[in-house]
Amino acid sequence: MLTKKQWAFCLEQFGEMFPDAHCELVHDNPFELTIATLLSAQCTDVLVNRVTAELFKKYKTPEDYLAVDVEELQKDIRSIGLFRNKAKNIQALSQILVDNYGGEVPPNRDTMMTLPGVGRKTANVVVSNAFGIPALAVDTHVERVAKRLGMNRWKDSPLVVEEKIMRWTPMEKWTDTHHQIIFFGRYHCKAQNPGCNICPLLPLCREGKKRMKTNAK
Ligand code: SF4
């Protein structure tokens, strides 16, 4: 397993490789980021941005989403996976925001997680990016990179991964680290064909060493 010192080296490398890593979901405010992140479940940011480019022109507030039939909203997001359920969740959470929070997204992760369709990952993304509250969302890229490096065991849940990374990463770096690991996973340590042969982390990476050995045979 990776040591804390090795993890500190990984953090340096993530920062050097992707100093400008950022949230790639286009948004102008916490509410738009909440909708975009909810839509991004099992879907690429590129596709979400394509859909929200039009969606956010038509719907600007929770009230706007409540002013249409769910079928109309479903039609507006139909190119996104699980669109039927996501449209229902958007309307349900819009209703709660209007009824309980004055139409605003509450700047608190635990409160956010009570909203329909908003899990821990979505809540972490929104509080860190929209409110500047330190948090570290574990998505598919973060989980894959942490496990390949040997930071975590393969059987660990996303919550265990989140807790370990937060324990070994200075709090003020949580948000940047989240984006940098996502970029590292999305553009370098890809699910298929990771760039192990040019990876600065190869000397300490259990998965990379295994892959290089297999390729050499
Ligand atoms: Fe990913 Fe390969 Fe680098 Fe390991 S060596 S972090 S598997 S790209």
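What you see below is based on every heavy atom in this structure, not just the backbone, and it leaves out hydrogens, waters and symmetry mates. FYI, the numbering just counts along the sequence from 1.
- The shortest distance between side-chain heavy atoms of Cys23 and Leu33 falls below 4.5 Å.
- No side-chain donor-acceptor contact under 3.5 Å links Arg206 to the backbone of Met1.
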Stepwise side chain to side chain contact (heavy atoms under 4.5 Å, CB included) check, Arg148 with Arg211: CA-CA 11 Å; Arg148 280 179 171 172; Arg211 282 174 180 261; 3.3 Å; yes

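- Applying the side chain to side chain donor-acceptor pair (under 3.5 Å) rule to His188 yields no partners; only residues at least two apart in sequence or on another chain are considered.
- Remark: Leu55 CG to Tyr59 OH distance equals 6.5 Å, nearest 0.5 Å.
- When hydrophobic clusters are built by joining Ile, Leu, Val, Met, Phe, Trp and Tyr residues whose side-chain heavy atoms come closer than 4.5 Å, directly or via intermediates, Val138 is grouped together with Met166.
- Within the 3.5 Å criterion, the main-chain N or O of Thr169 finds a donor-acceptor partner in the side chain of Trp174.
- One distance of note links CD1 of Ile133 with CG of Asn108; it measures 7.0 Å at 0.5 Å rounding.
- Scanning all heavy atoms of the two residues, the minimum distance from Asn124 to Ala137 falls at CB-CB, 3.6 Å.
- Using modelled atom types, no side-chain atom of His179 and backbone atom of Thr177 make a donor-acceptor pair closer than 3.5 Å.
- A heavy-atom distance below 4.5 Å is not found between the side chains of Arg78 and Arg84.
- Considering only residues two or more places apart in sequence or on other chains, Asp139 meets the salt bridge (Lys or Arg N to Asp or Glu O under 4.0 Å) condition with none of them.
- Clustering of Ile, Leu, Val, Met, Phe, Trp and Tyr by side-chain heavy atoms under 4.5 Å joins Val98 with Leu66.
- Val48 and Leu73 fall within the same hydrophobic cluster, where Ile, Leu, Val, Met, Phe, Trp and Tyr residues are linked whenever their side-chain heavy atoms come under 4.5 Å apart, directly or through other members.
- Screening residues 53-63 for salt bridge (Lys or Arg N to Asp or Glu O under 4.0 Å), with sequence neighbours left out, gives Glu54-Lys57, Lys58-Glu72, Lys58-Asp76.
- The closest donor-acceptor contact from the side chain of Lys86 to the backbone of Leu39 lies under 3.5 Å.
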Verdict with supporting geometry, Phe18 and Ile181, side chain to side chain contact (heavy atoms under 4.5 Å, CB included): CA-CA 9 Å; Phe18 299 103; Ile181 302 178; over 6 Å; no

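- Under the 6.0 Å cut-off for aromatic ring centres, His141 and Phe184 do not qualify, their centroids lying 6.0 Å or more apart.
- Listed by first then second residue, pairs satisfying salt bridge (Lys or Arg N to Asp or Glu O under 4.0 Å) with a partner in residues 169-189 read Glu24-Arg186, Asp45-Arg186, not counting sequence neighbours.
- Counting only residues at least two apart or in different chains, ring pair (Phe, Tyr, Trp, His ring centres under 6.0 Å) contacts with residues 197-217 are absent.
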Verdict with supporting geometry, Phe56 and Asp28, side chain to side chain contact (heavy atoms under 4.5 Å, CB included): CA-CA 9 Å; Phe56 292 164; Asp28 273 340; over 6 Å; no

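- Met212 forms part of a hydrophobic cluster together with Leu202, judged by ILVMFWY side-chain heavy-atom separations under 4.5 Å.
- The two residues Gln6 and Leu204 come nearest to each other via the heavy atoms NE2-CB, 3.7 Å.
- From Arg50, atom CZ reaches atom OG of Ser79 across 8.0 Å, with rounding to the nearest 0.5 Å.
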Side chain to side chain contact (heavy atoms under 4.5 Å, CB included) between Lys155 and Val160, worked out: CA-CA 10 Å; Lys155 64 179 184 185; Val160 172; over 6 Å; no

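- Pro106 approaches Met112 most closely through the heavy-atom pair O-CG, 3.4 Å.
- Proximity of Leu136 to Ser128: side-chain heavy atoms (C-beta onward) are nowhere separated by under 4.5 Å.
- One N or O on the side chain of Gln91 and one on the backbone of Val68 form a donor-acceptor pair closer than 3.5 Å.
- Each side chain to side chain donor-acceptor pair (under 3.5 Å) pair with one or both residues in residues 29-44, not counting sequence neighbours, would appear here, but there are none.
- Considering every non-hydrogen atom in both Leu93 and Pro116, the closest pair reads CD2-O, 3.6 Å.
- Residues Val127 and Ile35 are members of one and the same hydrophobic cluster, defined by side-chain heavy-atom contacts under 4.5 angstrom among Ile, Leu, Val, Met, Phe, Trp and Tyr.
- A distance of 11.0 Å separates CG of Leu38 from SG of Cys43, quoted to the nearest 0.5 Å.
- Within the 4.5 Å cutoff, no side-chain heavy atoms of Phe183 are placed close to those of Asp20.
- Looking at Asp64, its side chain does come within 3.5 Å of a backbone N or O of Thr61 through a donor-acceptor pair.
- Side-chain heavy atoms closer than 4.5 Å link hydrophobic residues (I, L, V, M, F, W, Y) into clusters, and following such links, even through other members, never connects Phe131 to Met113.
- With a 6.0 Å cutoff to the six-membered ring centre and a 45° limit on the axis angle, Lys164 counts as a cation-pi contact of Trp168.
- Applying the salt bridge (Lys or Arg N to Asp or Glu O under 4.0 Å) test to Arg153 and every residue at least two apart in sequence or in another chain returns Asp156.
- Scanning both residues, Cys196 and Gly208, for their nearest heavy atoms gives SG-CA, 3.9 Å.
- Side-chain contact between Asn49 and Thr52 is present, with heavy atoms from C-beta onward closer than 4.5 Å.
- At a threshold of 4.5 Å between side-chain heavy atoms, the hydrophobic network of Ile, Leu, Val, Met, Phe, Trp and Tyr places Leu159 and Met151 in two separate groups.
- Atom CG of residue Asn152 and atom CG of residue Leu2 lie 9.5 Å apart, to the nearest 0.5 angstrom.
- Here the closest heavy-atom approach between residue Ile77 and residue Ala87 is recorded as CD1-N, 3.8 Å.
- Ring to ring, Tyr65 and Phe31 are close: their centroids are under 6.0 angstrom apart.
- A donor-acceptor contact shorter than 3.5 Å links the side chain of Arg144 to the backbone of Cys189.
- Listed by chain and number, the residues in a salt bridge (Lys or Arg N to Asp or Glu O under 4.0 Å) with Lys147 are Glu143 (sequence neighbours excluded).
- Annotation: salt bridge (Lys or Arg N to Asp or Glu O under 4.0 Å) contacts involving residues 102-117, sequence neighbours excluded, comprise Arg109-Glu162.
- Separation of atoms CD (Gln95) and CG (Leu115) is listed at 12.5 Å; rounding is to 0.5 Å.
- The environment of NZ in Lys209 is crowded: more than 12 heavy-atom neighbours from other residues, nucleotides or ligands sit within 6.0 Å.
- With sequence neighbours excluded, no residue forms a salt bridge (Lys or Arg N to Asp or Glu O under 4.0 Å) with Glu12.
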